[in-house]
Amino acid sequence: PGASLPHPSPHSSIHWFRKGLRLHDNPALLAAATDCHRLHPLFILDPSSGRAGTNAWRFLLDALRDLDRSLREMGSRLFVVQGCPEEVFPRLFHAWGTTRLTFEVDTEPSRDATVAELAERHGVKVIREVSHTLYDTERVLALNNGKAPLTYKGLQSLLASLGPPEKPAPTLTLEHLQGEHGVVDWVSHDTEYGVPTLEELGQDPTEVGPHLYPGGETAALARLNSLMDRTAWLCDFKKPETEPTSLSPSTTVLSPYLKFGCLSVRTFWWWLDEVYQGQREHSQPPVSLHGQLLWREFFYTAGAGIPNFDRMVGNPVCLQVNWDNNPQHLRAWREGQTGYPFIDAIMTQLRTEGWIHHLARHAVACFLTRGDLWISWEEGLKVFEELLLDADWSLNAGNWLWLSGSAFFHRYFHIYSPVAFGKKTDRDGAYIRKYLPVLKDFPAKYIYEPWKAPRAVQEQAGCLVGTHYPQPIVEHGAASKRNLGRMKAARAQKGNKSPRRRPPHRPPLPPTGENCLAHAPAAFYSVAKHRENRGELSRKRLFSLPRPAAAAGGKAIIPPSSATIQ
DNA sequence: TTCCTGTTGTATAC
DNA sequence: GTATACAACAGGAA
């Protein structure tokens with residue numbers, strides 16, 4: 001730290017925050033601060049982008065305020081500007097005398113190339129760094145002839161040839177900041193560049209739910225810290241065994257922090273690695289926590305390598321299906337009014353709290369698409385994008401492809417029952433009672449199927465099905481059976497058009513679908529029941545804010561490698 | 001061609 | 001709690 005520069009700092013830098021809302025492991029931010037006499041940390045709020053709901057906006061504003069607070073402690077500030085990047089940058093380049101623009105690589109379809117060109121035209125040097133993913137997605141794709149691996153194993157073997165992920169970069173500290181830090185006018189900063197409120201963004205602040213998961217790097221590292229004491233839990237973690245019906249999250253709920261980059265995936269990876277090192281044995285990918293981070297990598301790679309990844313049409317890996325158009329059923333699903341308490345409870349938790357367990361996502365996604373309602377996964381994707389705090393373009397689309405049986409997942413005859421699935425881990429329906437208080441007095445025998453309760457029982461529970469709570473909008477047995485047949489038909493069509501297979505001996509169907517390949521799943525991080533720590537002593541708390549221990553052994557700020565474009 | 005595997009199904013039997 | 005049928009797919013290895 002504190003490497004004093006041998007020559008005057010020539011640069012005026014803008015670091016453009018998009019994701020990566022943190023000071024730890026942020027190589028592009030370090031690059032901005034290097035040889036720099038004036039640094040402007042910038043966030044551009046683009047009101048025209050995205051479908052985020054109120055809870056997600058709150059999370060983002062939390063994160064921005066936290067970032068500003070941390071920068072302020074070092075005498076700097078965050079500059080928040082509203083507009084679209086193409087319009088904002090030329091103005092700022094001119095006003096701030098910018099010579100260098102740095103930002104984190106984004107694997108999603110974005111306007112990065114346009115901005116980079118624009119910067120170049122203004123004589124501004126552009127530096128991009130990989131830090132949102134464990135590996136450089138472009139490199140992984142190149143290693144596989146430009147194609148995304150379509151199985152988890154496939155990705156694993158590619159990554160094996162690349163070796164372990166890079167270590168996190170050092171946290172930005174006061175020592176990295178030279179010169180003026182970019183603050184021109186402390187008096188007018190808040191009015192000109194302050195973090196706006198929900199109201200100022202046109203969001204209704206009365207719509208937010210309980211503030212269970214405050215946004216920001218500080219909250220992210222605190223959450224990580226509190227997991228540190230649970231060595232046995234971390235080492236035993238097996239995702240499929242965690243419970244979707246747990247009343248408090250049975251997984252980590254680090255996903256919103258990873259999505260916005262309040263937590264660095266590399267910091268998490270190497271911290272887990274340290275925990276694993278100290279133990280005799282630990283779970284392994286794909287079910288372990290390391291495995292969850294590799295699923296994340298899997299879908300980022302798929303999202304970057306597969307065209308039209310978030311759509312059915314034009315997506316070469318996606319099964320082409322004639323989904324129904326049924327706005328009433330879609331609305332019932334979204335609002336938690338399907339008449340299936342398990343489904344409705346999950347959707348209620350989603351709308352109010354912004355986070356649901358991974359397997360709960362499976363249950364409602366299957367219900368919406370191939371299981372019961374036969375509605376396009378693209379509709380579900382949009383709802384999740386609005387309501388989930390951790391909705392991430394690649395992971396969201398990838399998981400919807402998976403659950404709808406459109407790609408990656410092929411055993412489409414495995415269908416989640418909206419009645420039986422929740423019962424496995426919650427016989428008495430405590431989860432339903434929590435999120436659907438209208439049903440809270442039903443006996444356990446009927447809590448998953450209240451329409452089956454005799455009239456007297458419904459009266460006793462103070463809830464008449466059809467009056468206070470809806471009748472089921474579909475009959476699961478019949479609907480799932482019919483849909484299974486429709487899945488089979490869609491696949492048969494695909495088979496007919498595939499050049500690599502003999503035509504299946506089935507009656508030919510009218511050709512409508514496009515040829516599809518096939519492929520594998522994704523992960524939202526979660527859970528496992530709180531198990532006791534078997535007496536391992538708690539480790540020292542490494543994450544107050546800076547995290548020196550895991551920082552790359554070397555101090556090299558950023559390798560001036562291919563990350564630099566211009 | 002055959003065989004095995006795939007993070008996370010359900011219902012029934014013991 | 002574990003085993004099995006259910007009805008059966010895609011991809012990759014052998």
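This structure is a prediction, so every number in the text was calculated from the model and none was measured. Residue numbers start from 1 in every chain, and the chains themselves are labelled A, B, ... in the order their sequence lines are given, proteins ahead of strands.
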Q: Dot-bracket for DNA chain B, please. Rules: Watson-Crick or G-U, both distances under 3.5 Å, ( ) within the strand, [ ] when a pair crosses earlier ones, | for another strand, . otherwise.
A: ||||||..||||||

Q: Look at the side chain of H414(A) against the base of dT10(B) and say whether a donor-acceptor pair falls under 3.5 Å; ignore hydrogens and angles.
A: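 Check fails, no donor-acceptor contact within cut-off.
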
Q: What is the distance, rounded to the nearest whole Å, between atom NZ of K147(A) and atom C1' of dG11(C)?
A: 13 Å

Q: Any luck finding a side-chain donor-acceptor pair between S264(A) and D25(A) under 3.5 Å?
A: yes

Q: Taking the side chain of Y416(A) as its heavy atoms from C-beta onward, which of dA10(C), dT5(B), dT10(B) lies nearest to it?
A: dT10(B)

Q: Any idea which of dA10(C), dT7(B), dA8(C) is nearest the F413(A) side chain?
A: dA8(C)

Q: For dT10(B), does either OP1 or OP2 sit under 4.0 Å from a side-chain N or O belonging to K424(A)?
A: yes

Q: Whole-Å distance between dG11(C) P and Q156(A) CD?
A: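 It is 18 Å, rounded to the nearest whole Å.
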
Q: Of all the choices, dT7(B), dT10(B), dC9(C), which nucleotide is nearest to the side chain of V287(A) once you look at every atom?
A: dT7(B)

Q: Which whole number of Å gives the distance between the C1' atom of dA10(C) and that of dT10(B)?
A: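 Here dA10(C) and dT10(B) have their C1' atoms 22 Å from each other.
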
Q: Work out how far the C1' atom of dT2(B) is from that of dC6(C), and round it to whole angstrom.
A: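 After rounding to an integer number of Å, I get 22 Å for this pair.
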
Q: Would you classify K423(A) as touching base, sugar-phosphate or nothing, given that sugar-phosphate means primed atoms plus P, OP1 and OP2, and contacts are heavy atoms under 4.0 Å?
A: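 Result for K423(A) = nothing.
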
Q: Determine the interatomic distance between C1' on dA8(C) and the same-named atom on dC4(B); round to the nearest Å.
A: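 Going atom to atom, C1' in each nucleotide, I get 14 Å.
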
Q: Nearest-Å distance, CD (Q284(A)) to P (dT5(B))?
A: 18 Å

Q: So, does R411(A) get its side chain near the phosphate of dT8(B), meaning an N or O under 4.0 Å from OP1 or OP2?
A: yes

Q: Rounded to the Å, how far apart are Y152(A) OH and dT8(B) P?
A: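 So the OH-P distance, Y152(A) to dT8(B), works out to 12 Å.
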
Q: For the pair made of CZ in F409(A) and C1' in dG6(B), what is the distance, rounded to whole Å?
A: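 After rounding, the reported distance stands at 9 Å.
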
Q: Kindly state whether the ring of F409(A) and the ring of H414(A) have centres lying under 6.0 angstrom apart.
A: no

Q: State which residue, out of F421(A), Y416(A), F342(A), fulfils the ring-ring contact (aromatic ring centres under 6.0 Å, His included) condition with H362(A).
A: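 Exactly one pass, corresponding to Y416(A).
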
Q: Rounded to whole Å, please give me the gap between CD in Q292(A) and C1' in dT8(B).
A: 10 Å

Q: Under a plain distance cut-off of 3.5 Å, with no hydrogens placed, do N396(A) and W400(A) share a side-chain donor-acceptor pair?
A: yes

Q: When you compare the ring of W295(A) with the six-membered ring of dT7(B)'s base, are the centres less than 5.5 Å apart and the planes under 30° from each other?
A: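 The ring of W295(A) is stacked on dT7(B).
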
Q: Count the heavy atoms of every other residue, nucleotide or ligand shown that sit under 6.0 Å from NZ of K423(A), and state whether that count exceeds 12.
A: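 Counting neighbours around NZ of K423(A), more than 12 heavy atoms of other residues, nucleotides or ligands fall under 6.0 Å, so yes.
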
Q: Taking the six-membered ring for Trp and the single ring otherwise, decide whether the centroids of Y257(A) and F59(A) are under 6.0 Å apart.
A: yes

Q: Kindly say if K488(A) contacts the phosphate of dA8(C), meaning a side-chain N or O under 4.0 Å from OP1 or OP2.
A: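 For dA8(C), OP1 or OP2 has a side-chain N or O of K488(A) closer than 4.0 Å.
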
Q: Looking only at side-chain atoms of K239(A), point me to the closest of dT7(B), dT10(B), dG6(B).
A: dT7(B)

Q: Assess whether side chain to side chain donor-acceptor pair (under 3.5 Å) is satisfied between Y340(A) and H476(A), documenting all intermediate values.
A: CA-CA 9 Å; Y340(A) 284 93; H476(A) 173 69; 5.6 Å; no

Q: Quote, to the nearest angstrom, the P distance that separates dA13(B) from dA7(C).
A: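 The same atom, P, in both gives a distance of 16 Å.
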
Q: Would you confirm whether the ring centroid of W451(A) sits within less than 6.0 angstrom of the ring centroid of Y446(A)?
A: no

Q: S417(A) has a side chain; which of dC9(C), dT10(B), dT8(B) sits nearest to it?
A: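 Closest nucleotide to the S417(A) side chain: dT10(B).
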
Q: Out of dG6(B), dT7(B), dA8(C), which has the shortest distance to the side chain of K153(A)?
A: dG6(B)

Q: Would you indicate which nucleotide in dT8(B), dA8(C), dA10(C) comes nearest to any side-chain atom of H410(A)?
A: dA10(C)

Q: When you get a sec, tell me which of dA11(B), dT7(B), dA7(C) is the closest nucleotide to the side chain of A420(A)?
A: dA11(B)

